[in-house]
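Below, all heavy atoms of this structure are taken into account, side chains as well, without hydrogens, waters or symmetry copies. Just so we're clear, the structure is a prediction, and the values are computed from it rather than from any experiment.
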Amino acid sequence: MSDPQFFRFLTYIDETVAAEVQAAGCPYCGGALHQANYPRKPRGCPGAFRVEYSTRLSFCCHQCRRRTTSRSVRFLGRRVWLGWVVVLGSTRVGERTPAASALCEALSIPWRTLARWRRWWREGFAQSAVWQVLGARFLPPVAVVRLPAGLLERIPGQGQAPLLALLTWLWPLTVTAPEGR
Ligand SMILES: [Zn+2]
């Protein structure tokens, strides 16, 4: 999972969405949005992309000073691990597929982190409005205990297409959590 095209494409999506958000102006007062990015030290990021992935795009209103953070396919809320790692790393739990195990070992993801993600998929995510809508699209239903592996394997597409689709579906969850370290 170090395909440069994939990482570049995620940045492209984030930047495109951020540009749209900025062009729309402040959702609270309509004022102009100025860039006010958050610094990040992402984990699970290939070395070549460290600089590119060290900022979470965000804006501050010139008028009312309120912050607007655009959705992201790269960062999943406040987590230091990038979204793709949270998804693919989590497929290891309970499933222990060779690919997921190799990923967890290669990135040295601590076991307690994986356990926390597992809880999040089964509790936080499973109770989110996103899952209520998304889960209803699959028949037979995807079992919550098999999230996210059970979900990924049901999304059609080759290569990284299912992962990308899932990251896009998780979008609303990337801006609900307070930002920061
Ligand atoms: Zn404003």
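Annotation for His62: atom NE2 does not count as buried by contact number, only 12 or fewer foreign heavy atoms lying within 6.0 Å. No more than 12 heavy-atom neighbours from other residues, nucleotides or ligands sit within 6.0 angstrom of CD on Gln5.
The ring-ring contact (aromatic ring centres under 6.0 Å, His included) test applied to Phe59 returns no partner, not counting sequence neighbours. For Gln22, the side-chain hydrogen bond (donor to acceptor under 3.5 Å, both in side chains) criterion is met by no residue, not counting sequence neighbours. In terms of the side chain to side chain contact (heavy atoms under 4.5 Å, CB included) criterion, Pro156 has no residue partners (sequence neighbours excluded). Every residue two or more places apart in sequence or in another chain was checked for a side-chain hydrogen bond (donor to acceptor under 3.5 Å, both in side chains) with Trp117, and none qualifies. Partners of Thr11 under the side-chain hydrogen bond (donor to acceptor under 3.5 Å, both in side chains) rule, at least two apart in sequence or in another chain, are Glu52, Arg74. Partners of Val130 under the side chain to side chain contact (heavy atoms under 4.5 Å, CB included) rule, at least two apart in sequence or in another chain, are Phe125, Ser128, Pro172, Leu173.
Considering all non-hydrogen atoms of both residues, Arg50 and Cys45 come closest at NH2-O, 2.7 Å. Between Arg78 and Arg40 the shortest heavy-atom distance is CA-NH2, 4.0 Å. Nearest heavy-atom pair, Pro110 versus Trp81, reported as atom, atom and distance to 0.1 Å: CD-CZ2, 4.1 Å. Shortest non-hydrogen contact noted between Pro27 and Thr68 is CD-OG1, 3.2 Å. Contact detail for Leu114 and Gly89: the closest heavy-atom pair is CD2-O, 3.6 Å. In plain terms, the two heavy atoms of Phe49 and Pro4 that are nearest each other are CZ-O, 3.4 Å.
Remark: side-chain polar atoms of Asn37 are paired, donor with acceptor, to backbone N or O of Ser58 under 3.5 angstrom. Counting only distance, with no hydrogens or angles, the side chain of Arg146 and the backbone of Ala143 share no donor-acceptor pair below 3.5 Å. Between the side chain of Arg118 and the main chain of Thr113, no donor-acceptor pair closer than 3.5 Å is present. A donor-acceptor contact shorter than 3.5 Å links the side chain of Tyr53 to the backbone of Phe7. Glu20 places no side-chain N or O within donor-acceptor distance of the main-chain N or O of Ser70, the cut-off being under 3.5 Å.
Counting heavy atoms from C-beta outward, Leu82 and Arg43 have side chains that stay 4.5 Å or more apart. The shortest side-chain heavy-atom distance between Ser72 and Arg56 falls under the 4.5 Å cut-off. The shortest side-chain heavy-atom distance between Leu88 and Leu152 falls under the 4.5 Å cut-off. When side chains are defined from C-beta on, Leu57 does not count as touching Thr69, because their heavy atoms never get closer than 4.5 Å. Residues Arg122 and Val145 are in side-chain contact: their nearest non-hydrogen atoms beyond the backbone lie under 4.5 Å apart. Under the 4.5 Å side-chain criterion, counting only non-hydrogen atoms from C-beta, Leu151 is in contact with Leu134. Counting only heavy atoms from C-beta outward, the side chains of Cys64 and Cys26 approach each other to under 4.5 Å.
Both Val86 and Trp111 belong to a common hydrophobic cluster when Ile, Leu, Val, Met, Phe, Trp and Tyr are linked at side-chain heavy-atom distances under 4.5 angstrom. Criterion: ILVMFWY side-chain heavy atoms under 4.5 Å apart, direct or through other members. Under it, Val133 and Leu167 are not part of a common hydrophobic cluster. In the hydrophobic cluster analysis, where Ile, Leu, Val, Met, Phe, Trp and Tyr join through side-chain heavy atoms closer than 4.5 angstrom, Tyr12 is grouped together with Trp84.
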Let me see the working for Gln160 and Phe9 under side-chain contact (heavy atoms from CB on, under 4.5 Å), right down to the final yes or no.
-> CA-CA 11 Å; Gln160 282 135 8; Phe9 188 53; over 6 Å; no
Apply the test side-chain contact (heavy atoms from CB on, under 4.5 Å) to residues Thr55 and Phe75: give CA-CA distance (whole Å), side-chain angles for both, the deciding distance (0.1 Å), then the verdict.
-> CA-CA 10 Å; Thr55 46; Phe75 303 102; over 6 Å; no
Assess whether side-chain contact (heavy atoms from CB on, under 4.5 Å) is satisfied between Leu76 and Val85, documenting all intermediate values.
-> CA-CA 10 Å; Leu76 193 49; Val85 185; over 6 Å; no
Trp131 and Leu147: side-chain contact (heavy atoms from CB on, under 4.5 Å), yes or no, with the steps?
-> CA-CA 10 Å; Trp131 175 242; Leu147 289 173; 3.8 Å; yes
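In this structure, a donor-acceptor pair under 3.5 Å is absent between the side chains of Arg67 and Tyr28.
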